[in-house]
Amino acid sequence: MTGRQGEAESGAGPAPDGAPPSADPSVGPGPRQELAAGAVLFAAALLALLWLIPNHTGESTSDLEVAPGFFPQVAAGALLVLSALLVGHRLIRFPKLREIRPETGGGAVLAEIAILAAGGLLVAWALGAAGYLVVAPAVMLAGLLAGGERRWWIIGLVIAGVTAATWFGADLLFGVVLP
Amino acid sequence: MPHHPKSRLAIMAVGGAVVPAIVASSLAVPAVAADYPSKPVTLVIPYRAGGSTETMGRVFSKALGKELGTRVIVRTRPGAGGAVGATEVAKKKADGYTLLFAAAVSLLWPPLRQKVEFDLDSFTYIGQITNYQQALVARQDAPYNTLKELIAHAKKKRLNYADQGAMTRAFVEYIATKEGVKWTGIPTKGGGEMVPFLLGGKVDFAWSGGIHNRFAGKMKVLLSFNATRLVASPDIPSIGEQYGVAMPSQAVIVGPKGLDAALVTKIEGAIAKAVKDKAFVDLLTTKLKFPAKFVGHKALTADIEKTVAGLKQVIAAGAK
Amino acid sequence: MIEQLIAGFGNALTVTNLLFIAAGITLGIVIGVIPGLGSVTALAVLIPITFYMSPLAAIAFLVGVNKGGTSGGAIPAILLNSPGTPEAAATALDGHPMAKRGESQRALKFALFSSVTGDTISDLLLIVLVVPFAAIALEFGPLEYTAVLLFAFALLSGISGDSPIKGLIAIAFGVFLSTVGLDPVDGSQRMVFDEVELYDGFPLFSLAVGSLAMASVLGQLFELWRARGEKRLSVEEYARIETRLPAREFFGHWKTIGRSALIGSGVGMLPGLGVTLAAFLSYGAARRASKEPQSFGRGNPQGIIATEAANSAVVGANLVPTIALGIPGNIAAALLIGAFIIHGIVPGPFMLTNHGELVYALFASMLMANGVHLIIGRIGIPLWARIARTPRAVILPPVLVMCIVGVYLPNQSIFGVGVMLAFACLGLAFQRLGFPIVCMVIGFLLGGMLENSVRQSLRLHQSDLTAFLGSPIALIFLALTLFVLLRALRRA
């Protein structure tokens, strides 16, 4: 559902003639993006090993077994080695390896993540501050518009219907009052 | 307390003419309680839905609602062994509309041993409705029948036991320190993991939060971890008798600190009546096998203080 | 046993009971469809409703909920590539590509039929094995679990297929994430920065729903956005769609069905391993056994069969430790135990002797529930398939909102929603860069279990590794692990 999805996506979707992949696969990021990803992961693992784990895990309290930091270290160490391998592989056997091509360019990926991160922060904040009845319609409106839906009556119907259904459903079935 | 000025105004309006301020403030307190509850009360339960405490709380909330004359909404807020829900309630306004139903452990242990945003004084203890039946248990065919015999065994051979979290281990280790033995705690995630470890012979004995009641004939109780003896094993001594400390065993209803005295009395009264509710008693005693044991605000507060003193003693012994 | 079972059917085969089963299954499926809500939440919220039913009706109802909730998660996984629960993630791997080929109804049928078959096999195993099994389950201590989990890791590392390094990276990352939270042994803080909501670690459902379901939906929305919307589909375009799934074709996959049902039952009988592990082990095993492993992940129906048969098989088998020992096999079974107790039935070694009649009525209800499940699920398929025909631009935004609601409901935690949103970002990044996010989720899930068992073993045996020699079960699984690893190395 990840790299494979890209390929399936360009095949026949539920919309056989809709949603063609926007970016040309040949200019897709492929190895270069993988290099970047590997480097980022390597840096993250290094940070975890050198700063996060030593400073934010407890001391060993027992001579019978490993310290609390042991498992995080093993995982971060594995991450370090593996991401180094990934980078190394890409540098040495650059063209030969199977290129998984995300259908978007590097900039587009960064833009997507940035939009999502900002949106996510906004939603998490607004859920506490303004409540579900504001957030749910806003999220759906953004989603519908992004998806290219322009018919106002469909937008209105979906927003009102889903918001009301989830709100009352949560209360009646689950006994939970959404924020 | 923010509601005082408002109710004072109300009293003056009702009284119409000049009411001496000093009388007004003394009258204001009953006035707060008089119109309580004017909206639904939220009962926070800081454990996952479906557990015994949550089940108990849900049935109890119906009875409590009947006594208070309002709807009591249950809100489960699990996490960190109850500390997440406790933090939430500790920060709420002390108006009687947000209450917490929890094991006293969840309110007492975290402020002593973990970093949390509430402390021992963050809550007003309104009432206790039952006791957890905590015990030290062993397999039925184990070669020891009493704590004394267990300790004698432990002097010959290093034993393993299953604990369920830092506090349970602290208490079992406290016994070891007092008796000069050494044994090893194996952390297990709740009774569901402890039972197969014990019955399968992976550990020699175990701490049990009450699940042993379902395994009569397969497990035996060596010691009650409560201040008093357990309902089901009246012949087995308690850690309170033997060592003068006890694990918090109270299942309590609390509010945020600074709850108005008149409100406390009112809610306490409702709890006292609600614990006699037929459906609740039936669930508690015949199905969950807990004793229905109501303790009021004053006695409970004193009891909690005593429990905290014992906890501190156990923690101090562990630190050495 | 046969007579007891017949007597059980006599007790259970009433109209009210059937109605309760049907209601349970329907509710279970509907709740299971919502991302983030699986059978666990469905059970938790519906147990209070059963307080006022008769014990048998209550348990039949809850069994229905459990079955429906487990299979309902497959529906969004197939139709929208947004698995609502971690256990349905592997269903999406092949189910969604099938749906994209216009075979959504066939994929749903594969999922339903496999669920019901796997479930039935496991129920039959439960009935036969419940007594002898009690002894075996007690043999499993921390050492044995460690060995089983190592074996699971070895099997699962092959699941990423095309790009093993990326798969391993995702697994390592997931394991690392699993170590955040209070230390399982001494309760000290590990990378939680005093945040009390993180003390239990990242909430599994937030992580899984965010990185799997929400990331996938958001990714599709971004694609729509760049494509400037999609054309609406006319009915004619669906003329070529294949909806038929003859019984012969389905049962042609009997090997996969049988293997998966056995894996699911085996995992289910061991307390604590859980549905998701069963689903992925079975998927991995099917891929390994296949002559064309590269066809997996591209709409091979065996992928759906393997996952759904296995995760539904857990449901029945999970009751083996529950009934034989009183130990819950997983959270769903723990909730069922809670419900049993409320109805005055004490699960445990004495359940069969004290409540034998009820237990056999329960078995009968479970078998009946499978039939009812088949009927209700079959009726539902054309309705669900209609969703696939709705333009994606209309159906996806509500799914986003459902993710938020689904994650909020069980714990009522805005923090949990925040974690989900964060993992949605991460999930999308992983997806765009071709890292298998599923491996991260499985690493997260297994990492916590492995650490727990390893550290229990270390304490129990005082770090003495030779303890493994004393446990034949552990040795067998270690040998299997070595075998799998060596075979993978030789192939590479």
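The model shown is predicted, which means the values in this text are computed figures rather than measured ones. Side-chain atoms are counted along with the backbone in the values below, which use heavy atoms only and exclude waters and symmetry mates.
- Note: C/Ile414 leads C/Ile414, C/Val192, C/Ile171 in heavy-atom pairs under 4.5 Å with chain A.
- With a 4.5 Å cut-off on side-chain heavy atoms, A/Ile113 and C/Arg432 do not count as touching.
- The backbone N or O of A/Leu145 sits less than 3.5 Å from a side-chain atom of A/Arg150, completing a donor-acceptor pair.
- Between A/Phe70 and A/Thr57, every side-chain heavy-atom pair lies at or beyond the 4.5 Å cut-off.
- With rounding to the nearest 0.5 Å, the separation of OG1 in C/Thr91 from CE in C/Met98 is 12.5 Å.
- No other option in C/Leu400, C/Leu221, C/Leu409, C/Asp94 has as many heavy-atom pairs under 4.5 Å with chain A as C/Leu409.
- A distance of 5.0 Å separates CG in C/Leu421 from CE in C/Met214, rounded to the nearest 0.5 Å.
- Only the backbone of C/Gln189 comes within contact range of chain A, with heavy atoms under 4.5 Å apart.
- Using a 4.5 Å heavy-atom threshold, the side chains of C/Val399 and C/Gln220 count as separate.
- Proximity of A/Leu52 to C/Phe176: side-chain heavy atoms (C-beta onward) are separated by under 4.5 Å at one or more points.
- Of all the heavy atoms in C/Ser188 and A/Gly58, the pair that sits closest is OG-CA, 3.7 Å.
- Listed for the A/Ser83 side chain is a donor-acceptor partner under 3.5 Å among the backbone atoms of A/Leu80.
- Residue A/Val66 touches chain C through both its backbone and its side chain, counting heavy-atom pairs closer than 4.5 Å.
- Within the 4.5 angstrom heavy-atom criterion, atoms from both the backbone and the side chain of C/Val175 approach chain A.
- When side chains are defined from C-beta on, C/Leu198 does not count as touching C/Phe193, because their heavy atoms never get closer than 4.5 Å.
- Note that CZ of C/Arg190 and OG of C/Ser178 are 7.5 Å apart. Values are rounded to the nearest 0.5 Å.
- Taking 4.5 Å as the heavy-atom cut-off, the residues of residues 136-143 of chain A that approach chain C are A/Ala136, A/Val139, A/Met140, A/Gly143, ordered by number.
- Contact of A/Gln73 with chain C is not made at all, since no heavy-atom distance falls under 4.5 Å.
- Annotation: C/Tyr408 is not in aromatic contact with A/Tyr132 [ring centroid separation under 6.0 Å not met].
- For C/Leu218, the part sitting under 4.5 Å from any heavy atom of chain A is the side chain, from C-beta outward, and nothing else.
- Qualifying salt bridge (Lys or Arg N to Asp or Glu O under 4.0 Å) partners for A/Asp171, counting only residues two or more places apart in sequence or in other chains: none.
- Of all heavy-atom pairs between C/Pro97 and C/Gly299, the closest is CB-N, 3.5 Å.
- The candidate from C/Gly418, C/Ala424, C/Gly447, C/Pro398 with the greatest count of non-hydrogen atom pairs under 4.5 Å with chain A is C/Pro398.
- Expressed to the nearest 0.5 Å, how far CG of A/Leu86 lies from CZ of C/Phe435 amounts to 5.5 Å.
- Using a 4.5 Å cut-off between heavy atoms, C/Val180 makes no contact with chain A at all.
- Looking only at heavy-atom pairs under 4.5 Å with chain C, the residue among A/Ile159, A/Ile115, A/Asn55 that has the most is A/Ile115.
- With a 4.5 Å cut-off on non-hydrogen atoms, C/Leu458 touches chain A through its backbone and its side chain both.
- For the residue pair A/Ala75 and C/Ala172, the shortest heavy atom distance occurs at CB-O, 3.8 Å.
- The aromatic rings of C/Phe296 and C/Tyr283 sit perpendicular, their planes meeting at an angle over 60°, well past the 30° parallel limit.
- For chain A, the nearby parts of C/Leu428 are the backbone and the side chain; heavy atoms of each come within less than 4.5 Å.
- The stretch residues 36-50 of chain A places A/Ala37, A/Leu41, A/Ala48 near chain C, each with some heavy atom under 4.5 Å from a heavy atom of that chain.
- For chain A, no part of C/Leu460 is nearby; none of its heavy atoms comes within less than 4.5 Å.
- In terms of heavy-atom proximity, C/Leu212 sits nearest to C/Pro83 at CB-CG, 3.9 Å.
- For residues 121-131 of chain A, the interface with chain C (any heavy-atom pair closer than 4.5 Å) comprises A/Val123, A/Ala124, A/Leu127, A/Gly128, sorted by residue number.
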task: Determine, step by step, whether C/Ile437 and C/Gln431 satisfy the side chain to side chain contact (heavy atoms under 4.5 Å, CB included) criterion, reporting the C-alpha distance in whole Å, the side-chain angles of both residues, the deciding distance to 0.1 Å, and the verdict.
output: CA-CA 7 Å; C/Ile437 193 83; C/Gln431 180 188 319; 6.0 Å; no
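- Ranked by non-hydrogen atom pairs under 4.5 Å with chain C, the options A/Thr166, A/Val162, A/Val81, A/Leu144 are led by A/Leu144.
- Interface residue C/Met402: only side-chain heavy atoms are found under 4.5 Å from chain A.
- Of the two parts of C/Ile169, the backbone and the side chain both hold a non-hydrogen atom closer than 4.5 Å to a non-hydrogen atom of chain A.
- To the nearest 0.5 Å, atoms CG (C/Leu433) and NZ (C/Lys166) are separated by 7.0 Å.
- Note that OG of C/Ser457 and CG of C/Asn452 are 9.5 Å apart. Values are rounded to the nearest 0.5 Å.
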